[in-house]
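A short write-up of the structure that comes next.
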Amino acid sequence: MSLVYFIAIPILASFLTPFYKNYLRFVSVLVNILLAGFAAFFYSRLPLNEFISLDSPLSIIFILDYVSFFFVSLFIGVMLFFSLYSIKEKNNTAVFVVTNIFTSGALGLILSADIFNIYIFFEIASISAYILTGLNRDKVAYSGAIKYMIVGAVASIFLLLGIMLMYLNLGYLTLSSIGAGFHTMDKGIQYLVLLSLFIGFGIKTEILPLNFWVADIYQATPTKIAALFSAVLSKAYLFVFFHILYTLKVDAPALLFLTAIGLLSFAVAELSALRSKDVKRIFAYSTLGQLGVLFLALSSANVVVVSGALFLILVHSISKLMLFFSLDLVEKKMHSTRVEAFAGFRSAFLFTIFAIGFLSLLGIPPFAGFIAKLTILKGFASMGAYGIVGAILAISLVEATYFFRLLSANQRSKKTAEIKVPLLQKIMLSLLALAILYLGLFPQGLLDFCTDAAQTLIQGVIHV
Amino acid sequence: MSLKKTVGLKTILTALLISFMSMLLLGVIMNAAYTHTSLGYDLLKINTISTQSANAVTSVVTYFRGLDTLGEVTILFLSIFGIGIGIERSDRMKTILGYDSTLLKIGTKVLFPLIVLFGLYIIAHGHLSPGGGFQGGVIIASGFLLMFLAYGDSYDLDHKVLSLFEALSGAGFILVGILAALAGGAFLGNMLPLGVLGKLFSSGILPIIYIFVGLKVAAEITVLVEYFIRTQDARDA
Amino acid sequence: MFNFEITALGNMFFGLTVLVFVSLFFVPNKHRSVTLYSLLFASLACIFYASDLITLFIGWEIMGWSSYFLIAKTADKQTLQKYIVFNIGGAFTLLGAIILIYGACGSFVYSELDFSAVPSGQVTAITILLLLTLFVKSGIMPFHYWVVDSYSQSNDLFSAVLSAIISKTGVFAFILIFFQIITVQYLQTPILEVVAWLGVLTSIIATFKAINEDEAKRLLAYSSIAQVGYIVTILSIMGSLSLEAALYHTVIHTFVKLLLFINVAAIIYVSKQHRFSTLGGLLYKYPLNFILLVVGIISLAGMPPLGGFSSKFLIYTALLEEHKGLLLAAVLFSSASAFLYCYKLVYGIYLGQPTNPKTEAYPRIPLRFYVPQILGAVILITLGTIPGVIVPMFNGILGSVGFEPVLYRGVFVLGSDFASFNGGVVIGAFGLIFVLILLFFVRLKNRSVKPKDRLDISYCGEVPRADVNLHYGYGMGRELSRIGLIKMILSRSSHALWQRVSTLFGDLSGITQKLYTLSAQNMGLVIFAFFTILLYMGVK
Amino acid sequence: MLETLNQTTFLHTVVAIGSFTIFTIGLVGVLSKKNLFKIFLSLSIVESSLFLFFIGSHFEVGKAAPIVADGIKLFDGHMVDPVPQAMILTTIVIGVAVLALSLTFVVNYYRLSGNIDIDKMDELGEVQ
């Protein structure tokens with residue numbers, strides 16, 4: 001068994017599209033099931049690494065340790081869910097061609113421990129995202145895609161600059177050798193490399209001064225695809241960034257800077273959502289806010305906080321899938337994602353799903369978001385960082401304001417349309433809601449795994 | 001016209017900012033000490049033993065860092081696919097660049113097979129001399145470009161064949177990699193005899209991969225050329 | 001997570017919850033939602049029987065959002081927004097306090113928390129955060145902004161739950177955390193003084209607001225705020241007698257509010273009228289309801305001989321014993337003023353003449369409305385007669401939180417060494433006087449003249465015009481605002497403050513939103529400028 | 001004089017200054033041109049400048065291309081590092097792909113909206 005199958009098989013499925021043009025959706029489901037099987041196969045063999053093509057550390061290295069396994073299984077789960085959820089959409093071959101490659105791009109980002117290889121997967125994931133943004137083929141979509149491409153190109157320029165500088169000064173590309181040699185470099189170069197990586201990945205992980213494009217992109221993207229951006233894409237970049245950061249063993253002031261940026265990002269994003277009148281943009285802002293929390297939690301270098309952040313990543317992905325997919329159903333019926341449209345639908349099922357999603361994102365028990373938030377706060381308390389605890393709670397209150405405004409808008413407005421949710425969608429969405437409830441009530445198993453994963457992440461890349 | 005009107009204050013400020021940034025960047029970069037031990041030199045040392053390829057760049061591209069190349073081929077495929085989604089095929093499609101010249105038509109008829117042959121040569125000798133899959137692929141595509149330019153709308157590509165080429169060459173790359181993994185080695189590892197340095201049939205898996213890459217690139221770039229040269233004229237819309 | 005423990009304190013509060021829920025189960029309810037009510041019930045059990053702070057918090061939050069969805073069935077958007085923002089905010093301060101406690105003591109379990117090594121600054125922070133939570137839940141000013149609207153706009157039956165039980169969770173948490181977990185010795189006295197005064201001020205202000213109120217349920221809501229204000233004041237004395245007084249008042253207030261809210265709910269159910277100005281003259285139509293209301297308001301005003309007196313007596317005694325003369329005066333003032341709004345309830349609904357011409361057509365009150373009312377009345381009368389009967393239970397609670405038990409001298413006697421009274425004697429004396437007065441009136445009845453129509457009030461020396469609505473209760477309390485101090489109290493409102501906060505955040509949001517609509521090119525400029533600044537700072 | 005010109009460090013300096021000049025020119029184009037085509041072409045220029053810098057920085061005086069031919073029989077330290085060349089080869093193809101895709105988007109956008117000015121793209125934003 002090879003780790004490359006995680007990447008090669010979805011790409012293969014997309015390459016061979018002409019042979020099963022109209023059945024690609026089934027193939028995608030099969031591919032994702034196959035990948036889930038691989039993940040299950042590797043679970044008992046953790047942690048492991050694999051040299052690609054040349055059996056020596058000089059070649060590209062893939063690493064599957066606890067933390068990358070966490071992300072790999074999360075992404076496969078999300079993509080499997082996505083492909084099952086849209087299995088009835090017959091005329092959507094294009095989406096599946098791109099999402100398959102998108103999957104392999106995201107998985108490659110997680111698995112690869114070679115900085116240039118990471119750049120390649122970074123590009124694969126980004127380009128699939130550009131295409132997915134332009135998928136609606138109207139003015140709005142192309143406008144979004146163009147904006148995305150300009151900003152994305154800037155990000156890849158910075159990443160490329162960082163990689164080039166590292167290769168120029170160190171001569172190696174694997175994360176572990178870069179980590180070993182990083183502190184032997186000239187101080188200025190060290191700083192420049194870190195800065196380029198921060199800007200390159202910061203744009204993609206949607207961190208404060210670099211995230212002003214995000215809401216527009218989410219608005220332009222088809223709603224279901226926006227769920228993938230929120231649940232998979234930004235998480236993949238986030239992981240890679242911190243994987244590299246912890247491998248490079250950056251010093252405390254740099255981490256503190258990231259913490260501050262994360263907190264600021266959280267605050268500004270949640271504040272912006274307060275007066276927004278478009279539900280899709282509100283969800284985008286909420287994603288930005290949660291990414292801010294993740295950023296500040298992941299940069300703490302504390303096992304408890306990081307494990308909470310990993311838990312939050314899972315919960316946030318599930319919640320955002322739920323919310324965006326439900327919003328998609330609303331959008332199909334009401335032909336708009338504005339708050340007025342959101343207020344006008346009648347469906348007890350969808351309302352429940354929205355309520356559970358919101359409560360979970362807010363970190364309100366008994367839903368899983370609470371466990372994540374509690375773990376993060378507990379960790380900060382044990383570090384003595386009470387200011388951060390207070391700030392997170394205060395900003396969460398702002399978040400609560402707009403989420404409950406949406407709920408009460410729907411409850412107390414005149415209903416103009418009744419939404420009948422198809423059975424398949426109903427089952428799939430209920431599954432997500434149950435998962436959130438289950439994780440909220442019985443989090444221990446996952447928390448233990450997250451703790452292992454957090455330890456691996458903070459340690460940085462070490463070859464097995 | 002005053003300078004302010006032609007250039008604008010914002011542009012000047014932007015230029016100042018960027019120049020300042022470049023200056024800072026240069027200042028930092030000039031300080032750096034370039035390394036003399038690197039991955040590349042290590043790979044050079046083992047190149048003969050592990051690939052028997054005369055062109056070290058080819059070894060790196062197709063073998064040592066074959067996965068990067070797979071990713072790159074994927075990106076190429078993805079972009080062309082994305083372009084294909086965006087461009088609607090309709091009857092109003094026409095070649096927007098075309099020269100109606102008999103001389104060109106006849107010359108092209110003679111040149112086209114030669115160009116394709118040359119492209120194939122470049123691809124096949126990627127492991128022996130400068131060149132390889134990308135270069136050869138683009139040369140082949142340039143042959144098709146010539147055909148489009150010469151024959152205009154009367155030249156028709158068989159899209160079925162083209163997409164089959166696209167699919168099979170890409171899939172072939174991955175399947176070779178998987179076969180290598182199944183044969184017991186690493187993904188994209190060498191499973192064939194290496195042969196003797198300098199011979200056409202040498203270097204094991206390398207030429208095979210480069211052939212797939214070359215065909216893939218040729219097919220993709222041809223499609224790209226067709227998309228761009230034969231679109232609904234933007235001015236019509 | 002989810003560790004439970006049966007405690008005397010929990011038993012008491014949970015017992016009250018069970019009684020209220022069971023009795024309310026009989027009342028007809030248009031918006032009955034079994035899921036949400038059972039969720040609420042479970043969350044209350046979770047709060048009262050928790051043995052670690054996280055379980056408490058989980059119960060607290062579930063209580064918050066399940067009651068949100070219950071209120072959402074009837075309330076308008078703004079009320080809902082107020083309710084949820086304040087309650088979630090309160091819950092988050094609770095979470096903040098819990099996290100602080102965890103940071104200081106390293107555990108969530110009650111029995112493992114030890115504050116001996118915690119720096120006093122941290123204890124102060126914890127105390128303030130917790131107090132914020134309790135203030136929000138119990139509606140202490142200025143955090144009462146959400147209370148009145150939510151009480152008045154929620155479903156009639158759920159208002160009773162809100163007032164009788166949910167406002168008490170704040171009291172419960174106060175006792176649990178300050179008395180049992182942190183314990184008196186580590187608390188800061190100045191903070192408690194402030195709390196005591198906040199409580200009593202709240203009760204005074206709320207009392208006057210209630211007097212000025214025209215809507216029955218809003219009046220009861222203000223009254224609820226005022227009563228919980230007393231409880232908070234007396235709790236902040238932190239003595240064993242004061243704890244007993246607080247517990248006693250909690251029990252009394254629970255049943256008083258259960259009785260009164262359902263009483264008013266019954267009237268609203270039959271008449272569809274919420275305002276005193278459209279009610280009146282219902283005495284002969286609903287005499288039983290009237291009698292139950294009288295039982296309720298006598299207790300609410302804290303007059304002898306019913307249960308309300310017993311608890312007020314204990315409150316006064318506790319204040320006196322601790323030599324809190326000023327506080328006592330304030331409590332007495334507020335308590336005496338409370339009589340005015342109690343009177344309004346009687347007059348506005350039952351006395352005077354019906355202002356609504358359809359009064360005759362009102363249907364009978366369904367018998368099921370009487371179940372909780374009679375339960376409340378029976379308990380109030382019992383506690384008036386044998387006030388000492390629950391003292392042993394309170395002593396159990398006092399013992400469990402580490403306090404000296406108070407003196408117990410049989411079921412009839414309540415009080416301390418300092419002062420005590422015999423419930424049997426009091427009720428006997430009042431009963432005797434009541435019977436005498438009743439007899440007097442029965443004798444007088446034959447000699448009284450029945451008015452012929454609503455304009456026939458010639459005894460007043462003034463004949464109103466036909467278009468004047470004659471209603472004694474209408475506009476009552478307006479004249480109060482001529483008094484300088486009271487006018488000031490009434491004209492001030494925290495509305496403006498919270499409105500300003502909300503506008504401020506709205507404006508900030510508008511500003512930050514502008515950032516998120518930058519064009520790609522300006523976005524690029526931002527990125528490069530940011531990079532340049534960081535680079536410059538780093539290189540320099 | 002010619003000796004100085006033929007030194008590796010000098011060449012590296014020239015490459016660095018030259019490529020960062022192109023870098024600046026490209027970036028100014030990206031940030032101040034209004035035409036979407038010009039913006040994407042400028043981005044392409046910026047990328048090219050980085051390629052130039054990277055490849056140029058790995059050239060050392062006296063070293064040959066990493067190919068065995070014409071008298072060079074062995075792979076050893078007398079050849080330049082092949083990895084940057086392979087990396088740039090890969091990156092160039094990526095750049096081409098991205099450029100093609102972005103230009104297609106621009107063409108499509110122009111076809112639908114008749115607008116090619118970046119300042120007039122107002123399809124997205126907060127609804128009022």
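Protein chains get the first letters and strands the later ones, always in sequence-line order, with residue 1 at the start of each.
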> Are side-chain heavy atoms of A:L160 and D:F54 found at a separation under 4.5 Å?
Replying inline: no
> For the residue pair D:L124 and A:D216, what are the closest heavy atoms and their distance?
Replying inline: CD2-O, 3.6 Å
>> Within the 4.5 Å heavy-atom criterion, are A:I150 and D:I118 side-chain neighbours or not?
In response: yes
> Shortest non-hydrogen contact from D:S113 to A:K139?
Replying inline: CB-CD, 3.3 Å
> Side chain, backbone, both or neither: which part of D:I88 has a non-hydrogen atom closer than 4.5 Å to chain A?
Replying inline: side chain
> Which bit of D:L27 comes within less than 4.5 Å of chain A, counting heavy atoms only: side chain, backbone, both or neither?
Replying inline: neither
> Rounded to the nearest 0.5 Å, how far does CD of A:E123 lie from OG1 of D:T90?
Replying inline: 12.0 Å
>> For the NZ atom on D:K120, are there more than 12 heavy atoms of other groups (residues, nucleotides or ligands in this structure) within a distance under 6.0 Å?
In response: no
>> With a 4.5 angstrom heavy-atom cut-off, is it the side chain or the backbone of D:N115 that approaches chain A, or both, or neither?
In response: neither
>> Quick check on the interface: out of D:E47, D:M87, D:M121, who has the most heavy-atom pairs with chain A under 4.5 Å?
In response: D:M87
>> Please classify the contact of A:A220 with chain D as side chain, backbone, both or neither, using a heavy-atom distance under 4.5 Å.
In response: both
> Which pair of non-hydrogen atoms, one from D:E126 and one from A:S276, has the smallest distance, and what is that distance?
Replying inline: OE1-OG, 3.0 Å
> If you take all heavy atoms of A:Y130 and D:F105, which pair is closest and at what distance?
Replying inline: O-CZ, 3.8 Å
>> Does any part of the side chain of A:M149, heavy atoms only, come nearer than 4.5 Å to the side chain of D:L43, both counted from C-beta?
In response: no
> Which one, A:I157, A:L161, A:D138, A:I217, leads in non-hydrogen pairs under 4.5 Å with chain D?
Replying inline: A:I157
>> For D:L101 versus A:I131, what's the shortest heavy-atom pair and its separation?
In response: CD2-CG1, 3.7 Å
> Does some side-chain heavy atom of D:I94 sit less than 4.5 Å from a side-chain heavy atom of A:Y119?
Replying inline: yes
>> I need the minimum non-hydrogen distance between A:R137 and D:L112, along with the two atoms involved.
In response: O-CD1, 3.8 Å
>> Which atoms of A:I163 are under 4.5 Å from chain D, going by heavy atoms: the side chain, the backbone, both sets, or neither?
In response: side chain
>> As an exercise, state the distance from OH of A:Y167 to CG of D:D81, rounded to the nearest 0.5 Å.
In response: 3.5 Å
